[in-house]
Asker: 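Take a look at this one; I'll ask things after.
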There are 2 protein chains.
Amino acid sequence: MSAQITIKDIAKELEISPSTVSRALKDHPDISPKTKKAVNDLAEKLHYQPNSIALSLRKSKTNTIGIIIPEFVHFFFSTVISGIEDVAYEKGYNVIISQSNESYEREVSDTRSMVSHRVDGLLVSVSKETRDFSHFKELIERDIPLVFFDRMCSELNANSVVIDDFEAGFKAVEHLISTGKKNIAHLYGDLNLHICKNRYDGYRAALEKYGIPFNEDFAAYAGMLELDSAKELMNRLLDLPQRPDGVFAHNDVVAYGAMQAIKERNIKIPEEIGVIGFSDWQFSSLVEPGLSSISQSGFEMGQAAARMFLDQIENEDENYVPQTKVIPTKLVVRGSTVKQ
Amino acid sequence: MSAQITIKDIAKELEISPSTVSRALKDHPDISPKTKKAVNDLAEKLHYQPNSIALSLRKSKTNTIGIIIPEFVHFFFSTVISGIEDVAYEKGYNVIISQSNESYEREVSDTRSMVSHRVDGLLVSVSKETRDFSHFKELIERDIPLVFFDRMCSELNANSVVIDDFEAGFKAVEHLISTGKKNIAHLYGDLNLHICKNRYDGYRAALEKYGIPFNEDFAAYAGMLELDSAKELMNRLLDLPQRPDGVFAHNDVVAYGAMQAIKERNIKIPEEIGVIGFSDWQFSSLVEPGLSSISQSGFEMGQAAARMFLDQIENEDENYVPQTKVIPTKLVVRGSTVKQ
DNA sequence: CTGAAAGCGCTTACAG
DNA sequence: CTGAAAGCGCTTACAG
């Protein structure tokens with residue numbers, strides 16, 4: 001990078017001291033109007049831009065929020081980042097982002113790198129590989145503000161912004177039951193992730209509440225976003241002697257994979273089999289029939305996470321007590337569960 | 001943020017000088033093995049993390065890439081960022097990202113903020129409001145590496161990574177023509193954006209090449225991602241005395257909106273009207289019929305942009321000549337143009 | 001009203 | 001093999 005104008009350059013040209021330039025630039029009352037004008041005019045002329053790096057070092061404050069997400073290319077995480085950026089920008093914070101690619105090792109190295117960069121705090125959604133949380137524990141021990149969002153860590157007493165996945169899973173299954181379904185399958189995700197485990201538990205609880213016995217054959221592990229493997233999985237369920245009449249999938253892509261398998265056999269949705277997904281992605285309203293889903297606002301979650309970070313920063317209390325915020329979800333009913 | 005361990009702390013505890021600690025930490029040959037071991041052991045024990053901010057100031061190099069995009073929540077931009085991050089991470093760069101929200105003013109202020117943060121370079125996709133490019137011109141004048149991606153600025157002689165939107169538009173329309181369509185409508189985007197203008201010009205050129213007269217009624221301005229307004233627009237085209245038998249939309253959401261309008265009138269796709277979109281988003285293969293599209297790899301574009309930046313950084317030449325890289329696109333044929 | 005000095009955390013040319 | 005000094009760009013308590 002070529003030489004940027006510094007306070008020293010301005011001082012030299014005006015034959016005054018850097019201290020005076022610094023003060024003039026920030027409109028310090030001590031400085032004479034004449035000097036102020038001269039400094040500001042020259043600064044403008046030379047396109048002076050203060051060096052935030054120097055400022056950060058001086059103040060031990062970078063005005064930067066570090067974000068670690070599993071992957072950029074999830075629509076949900078894009079909306080979360082957008083929400084974070086929304087409040088960060090307003091408060092004069094920058095965001096520095098990296099993706100763990102769902103790898104534990106990268107998550108650890110990303111965390112170290114953020115600490116090295118002296119971010120003022122970290123907002124993270126945990127990778128699905130992560131089982132050891134000591135890299136986060138260390139942050140807490142060093143009083144580095146940390147907020148988990150969506151994928152939190154229940155072992156640590158830390159800030160988190162989440163949805164109630166249990167309740168949401170429960171709601172989804174209850175909805176299927178309310179449409180008369182009794183043989184309800186659940187295509188679940190990685191149970192190492194609390195969000196998936198809780199959705200699973202919500203499924204079980206809903207069955208129980210309505211006196212529907214749990215059928216082991218109906219609970220099947222589905223990957224993340226693999227349409228084809230979801231389809232294949234659904235095909236196996238359809239081959240069971242007693243096939244399901246309802247499907248709750250842990251995300252919308254998996255749900256849509258299931259729908260495709262069902263449609264290919266000319267089984268009617270929702271009459272013969274009702275399908276509900278999770279997250280309510282962009283395309284869920286576009287497919288046919290429209291996919292019922294549990295909608296969660298990533299934007300709100302991002303805003304809340306950023307605000308929680310700011311709260312902690314501003315709250316200089318020795319004994320800050322970690323918060324947990326639950327963002328409400330909404331059942332969105334479309335043609336895949338109720339004939340439109 | 002609580003006190004982080006510094007080199008000074010280690011020096012004090014070991015009763016040696018900070019210089020020696022610094023050297024020991026980087027395995028400088030001058031330092032005795034014994035000192036090295038003592039330093040490294042203590043550093044580990046205290047969880048010493050070098051302060052990158054201090055380093056950046058010292059070296060006038062932040063190892064940070066600034067990214068400015070119009071909006072996070074476009075799938076395409078997520079993939080670009082993912083591509084950038086991919087090569088940046090490998091080379092030890094961090095990315096700092098902000099979104100202009102399609103606002104010229106925010107783009108300008110984002111640019112200033114990035115310069116203040118002394119990013120080593122900027123990767124930007126221009127907001128659709130932007131007509132004045134002097135904030136970017138300034139970067140070039142100051143030799144701050146700058147790479148445009150996707151939405152570039154043709155007035156400036158700057159690095160850019162793009163697709164050939166003209167050729168891609170041409171290909172899309174040629175494909176419709178090859179399926180026997182003759183009355184081809186184009187739902188175009190903001191012509192202030194070169195990408196949209198070029199797609200439009202590609203449309204016109206394809207018509208011309210095949211001797212199809214241009215019908216003004218068939219070229220209509222569609223917004224960005226508004227499904228409903230695209231639908232409404234298509235309805236107007238369907239009400240024309242001579243309705244189109246082919247539609248080329250500047251993005252997939254608009255194309256899908258058109259498809260919905262067509263389907264609601266029970267007009268057959270692709271037999272009566274063929275539809276093709278642009279970008280090939282996640283959902284395009286999921287809708288019914290599958291939406292034909294022009295696929296462009298955002299990931300590749302991101303990688304290329306990051307590499308171009310690195311090239312410029314490494315190339316210390318006084319007279320660096322800006323590069324332009326064109327990422328190939330692919331016509332993806334699905335059921336919306338050819339009966340499957 | 002202005003300036004010299006110290007310091008944020010680091011590195012490195014220079015000296016011993 | 002080790003240390004003191006200077007400097008990256010800034011701010012601010014202290015002195016005048």
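Note on naming: letters A, B, ... go to the chains in the order of the sequence lines (proteins, then strands), and numbering restarts at 1 for each one. The shown structure was predicted, so the numbers you read here are calculated from the model rather than taken from an experiment.
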Asker: Does D:dC1 have OP1 or OP2 sitting under 4.0 Å from an N or O in the side chain of B:T35?
Answerer: no

Asker: Just how far, in rounded Å, is P of D:dC8 from CZ of B:R118?
Answerer: 13 Å

Asker: Take atom P in D:dC1 and the same atom in C:dC10, then report the distance between them in whole Å.
Answerer: 24 Å

Asker: In whole Å, I'd like the distance from the CZ atom of B:R58 to the C1' atom of C:dG7.
Answerer: 16 Å

Asker: Answer yes or no: is there an ion pair linking B:E102 with B:R151, defined by an N-O contact shorter than 4.0 Å?
Answerer: yes

Asker: Roughly how many Å is it from CD1 in B:I53 to C1' in D:dC10, rounded to a whole number?
Answerer: 13 Å

Asker: Taking atom C1' in both C:dG16 and C:dT12, what distance in whole Å separates the two?
Answerer: 16 Å

Asker: Quick check: A:F75 with B:H74 (ring centres under 6.0 Å apart)?
Answerer: no

Asker: Any ion pair linking B:R106 and B:E71 (charged N to carboxylate O, less than 4.0 Å)?
Answerer: no

Asker: How about A:F148 and A:F136: are their ring centres within less than 6.0 Å of each other?
Answerer: yes

Asker: Considering Watson-Crick and G-U wobble pairs with both distances under 3.5 Å, what does D:dA4 pair with?
Answerer: none

Asker: Between B:Y48 and C:dG9, is there a side-chain N or O to OP1/OP2 distance below 4.0 Å?
Answerer: no

Asker: Among C:dC1, C:dG9, D:dT11, which nucleotide has an atom closest to any side-chain atom of B:N51?
Answerer: C:dG9

Asker: Return the nearest nucleotide to the side chain of B:S60; candidates are C:dC1, D:dC8, C:dT11.
Answerer: D:dC8

Asker: Can you see whether B:T20 engages B:S17 through a side-chain donor-acceptor pair at a distance of less than 3.5 angstrom?
Answerer: yes

Asker: Hunt down the Watson-Crick or G-U wobble partner of C:dA13, both distances under 3.5 Å, from any strand shown, or write none.
Answerer: none

Asker: Could you work out the separation of D:dG9 and C:dT2 based on their P atoms and round it to a whole Å?
Answerer: 24 Å

Asker: Let me know the distance between CG of B:L57 and C1' of C:dT12, rounded to the nearest Å.
Answerer: 15 Å

Asker: If I take atom CD1 in residue A:I5 and atom C1' in nucleotide D:dC8, what distance separates them, rounded to the nearest angstrom?
Answerer: 16 Å

Asker: Can you list, by residue number, the residues of residues 7-28 of chain B that have a non-hydrogen atom closer than 4.0 angstrom to DNA chain D?
Answerer: B:I16, B:S17, B:S19, B:T20, B:R23

Asker: Nearest-Å distance, CG (B:L55) to C1' (C:dC8)?
Answerer: 13 Å

Asker: Between A:S32 and C:dT2, is there a side-chain N or O to OP1/OP2 distance below 4.0 Å?
Answerer: yes

Asker: Under a 4.0 Å threshold between the charged nitrogen and the carboxylate oxygen, would A:D30 count as salt-bridged to A:R23?
Answerer: no

Asker: Rounded off to whole Å, could you give me the CG-to-P distance for the B:D30 and C:dA13 pair?
Answerer: 11 Å

Asker: Can you confirm whether the side chains of A:S103 and A:N101 place a donor and an acceptor under 3.5 Å from each other?
Answerer: no

Asker: May I have the distance from B:H117 (atom NE2) to D:dC10 (atom P), rounded to whole angstrom?
Answerer: 14 Å

Asker: For B:P33 and A:A54, take the nucleotide of DNA chain D holding the closest heavy atom to each; which residue's nucleotide lies nearer the 5' end?
Answerer: B:P33

Asker: Can A:R131 and A:E155 be counted as an ion pair, charged N to O under 4.0 angstrom?
Answerer: no

